[in-house]
2 protein chains.
Amino acid sequence: MDHFLSRIEMFKRLTPAQRQHLAGLSREKRYAKGETIFREGEPAEAVCVVKEGRVHLMKFLESGQTSTTCVMTPGEPFCCLPALDRKPYPVDAVAAVDSVVVRIPTSAFHEMLQQNPSFLEDSLCLFCDRLRAVEHRSCTMHEPVERRLAQTLLELSKKFGTTIPLTKHELAEMADTTVETTIRVLSHLKKAGIVKSSRGSTTIAKPDRLKTLAQHRSTEY
Amino acid sequence: MDHFLSRIEMFKRLTPAQRQHLAGLSREKRYAKGETIFREGEPAEAVCVVKEGRVHLMKFLESGQTSTTCVMTPGEPFCCLPALDRKPYPVDAVAAVDSVVVRIPTSAFHEMLQQNPSFLEDSLCLFCDRLRAVEHRSCTMHEPVERRLAQTLLELSKKFGTTIPLTKHELAEMADTTVETTIRVLSHLKKAGIVKSSRGSTTIAKPDRLKTLAQHRSTEY
DNA sequence: ACGCCTCTATGACCCGCATCACAGAAGCAC
DNA sequence: GTGCTTCTGTGATGCGGGTCATAGAGGCGT
């Protein structure tokens with residue numbers, strides 16, 4: 001029985017029986033583009049895994065601006081944090097395109113953490129990585145937009161490869177800036193031959209140049 | 001034998017024998033004001049606990065600006081993260097004033113996590129809290145300075161009470177802004193009677209007003 | 001006492017980027 | 001096809017806050 005979960009990195013260390021158990025308790029659900037999967041502050045009923053589509057984790061600030069903290073692609077679990085500390089969801093999750101999500105009850109996930117130490121250990125390392133990433137992100141927030149955008153693109157290219165299938169608006173929300181500025185910076189980079197841009201996607205042409213931009217401030221293009 | 005560690009929240013769930021064990025392996029070290037305890041990227045030899053003084057965790061960015069992510073006061077352990085995933089320190093730690101730090105070897109701490117499940121559970125929750133806090137911080141980074149400063153002050157007041165013994169420069173590094181701007185905003189707040197300010201410290205006079213500022217944008221003072 | 005240094009404070013300037021306004025282009029519904 | 005919507009693109013304007021310059025004030029060492 002080759003269930004979807006068995007192909008997911010995070011669940012590799014579970015025994016087949018344990019995976020089977022989780023699979024039995026989990027439910028698939030389909031979400032239309034723009035639909036909210038859960039909201040920040042809601043009690044966390046389920047740990048979710050993207051099966052198809054794309055899910056964005058976002059924060060909505062009182063000031064009205066919204067910030068996308070993470071883009072989840074097929075195979076990636078999200079919001080395991082509440083499964084550890086039993087607190088509410090820390091972000092909103094929204095289907096960025098039509099998506100299918102596997103929902104594992106938090107309680108079942110939590111049991112599994114307690115039963116299987118190596119699963120716990122793996123999960124911990126994932127969380128640690130996430131903490132490090134967020135900490136880094138919070139510090140780069142005040143760097144100039146160009147650099148933030150470069151970092152965002154490089155980050156996304158780890159998931160999508162050189163062609164990143166996000167609109168300029170979505171990129172803007174990830175880099176915490178506006179659509180206009182994003183477009184302006186990208187057209188700059190396009191003129192310099194560093195990226196190519198088309199409707200709904202951006203491709204990185206010269207990763208090295210982009211990496212340079214992500215670190216140092218360069219005056220010349 | 002009432003060792004220092006027994007009075008620390010994080011180690012409450014250890015057995016006296018286990019605390020004794022850790023205490024036996026740990027070493028106290030004194031750091032002068034401004035002295036670096038460890039640097040980002042160094043292998044994490046020790047989990048540290050502040051015994052006296054004040055330790056700042058900071059990030060030094062390529063752009064030259066430095067950001068203080070956390071202020072640790074006596075009784076608080078810091079940088080337990082590397083003890084979980086065995087990766088290098090994620091930040092610099094600097095003694096903000098003359099300080100005494102208890103250093104517990106990472107390996108001993110790690111052993112303890114594996115031996116004592118309830119200790120592990122507690123640590124995890126602390127760690128989850130931190131992740132939530134950092135995630136929140138990373139999102140508020142783009143709010144106007146006034147709000148960031150208000151949040152910073154409120155955050156610090158949880159540790160220090162109404163009087164916060166930090167210089168304007170230190171506040172600035174926490175709110176990710178400059179000394180000048182910090183002083184200007186604070187003098188604003190001072191005129192409005194919300195805070196009082198003196199050399200090396202700032203006291204919150206009207207916490208409620210400050211909380212309002214931390215959330216909404218107010219035009220009138 | 002004196003010099004030195006850190007901290008606080010205030011004004012002038014300026015630039016990055018958000019905001020607003022507008023418009024063409026591509027896709028989709030019907 | 002026509003209309004509607006989303007996405008992309010560009011210019012004008014304005015403001016927040018960083019940067020620079022300058023200076024008084026309080027501490028500390030000697």
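Residue numbers begin at 1 in each chain, while the letters A, B, ... track the order of the sequences.
- Residue B:T182 is out of contact with every strand shown, counting any heavy-atom pair closer than 4.0 Å.
- Distance, B:L186 CG to C:dT8 P: 9 Å, rounded to whole Å.
- In terms of phosphate contacts, B:K168 brings no side-chain nitrogen or oxygen within less than 4.0 Å of OP1 or OP2 of C:dC7.
- In this structure, B:K196 places its NZ atom 19 Å from C1' of C:dT8, rounding to the nearest Å.
- OP1 and OP2 of D:dG17 both lie 4.0 Å or more from every side-chain N or O belonging to B:T181.
- Between B:T177 and D:dG18 there is a side-chain polar atom (N or O) within less than 4.0 angstrom of OP1 or OP2.
- Distances shown here put a side-chain N or O of B:T178 below 4.0 Å from the OP1 or OP2 atom of D:dG18.
- Put simply, CD1 on A:I183 is 15 Å from P on C:dA25, counting in whole angstrom units.
- The interatomic distance linking B:H188 (NE2) with C:dA9 (P) rounds to 14 Å, in whole Å.
- Residue pairs that meet the side-chain hydrogen bond (donor to acceptor under 3.5 Å, both in side chains) test with at least one member in residues 44-54 of chain A, sequence neighbours left out, are A:E28-A:K51, A:R54-A:H56, A:R54-A:E170.
- Each of B:E180 and B:K33 lies near DNA chain C, and the nucleotide nearest B:K33 is the one positioned closer to the 5' end.
- Using modelled atom types and a 3.5 Å distance limit, the side chains of A:E76 and A:T73 yield a donor-acceptor pair.
- Residue B:R199 places its side chain closer to C:dT6 than to any other of C:dT6, C:dG27, C:dT10.
- With values rounded to the nearest 0.5 angstrom, A:F127 atom CZ is found 7.0 Å from B:C128 atom SG.
- With rounding to whole Å, A:Q65 atom CD is found 8 Å from C:dT19 atom P.
- The base of C:dG11 lies close enough to the side chain of B:R184 for a donor and an acceptor atom to sit less than 3.5 Å apart.
- With rounding to whole Å, B:H142 atom NE2 is found 13 Å from D:dG16 atom C1'.
- Across C:dC7, D:dT10, C:dA9, the shortest atom-to-atom separation from the side chain of B:S197 is found for C:dA9.
- In this structure, CD of A:E143 is placed 14 Å from P of D:dG18, rounded to the nearest angstrom.
- When distances run from any side-chain atom of A:R148 to the nucleotides D:dG9, D:dG18, C:dA18, the shortest one goes to C:dA18.
- Between B:M141 atom CE and D:dG17 atom C1' the separation is 15 Å, expressed in whole Å.
- Between the side chains of B:T66 and B:E173, at least one donor N or O sits under 3.5 Å from an acceptor N or O.
- Taking every heavy atom of both residues into account, B:S187 and B:R184 meet most closely at OG-O, 3.0 Å.
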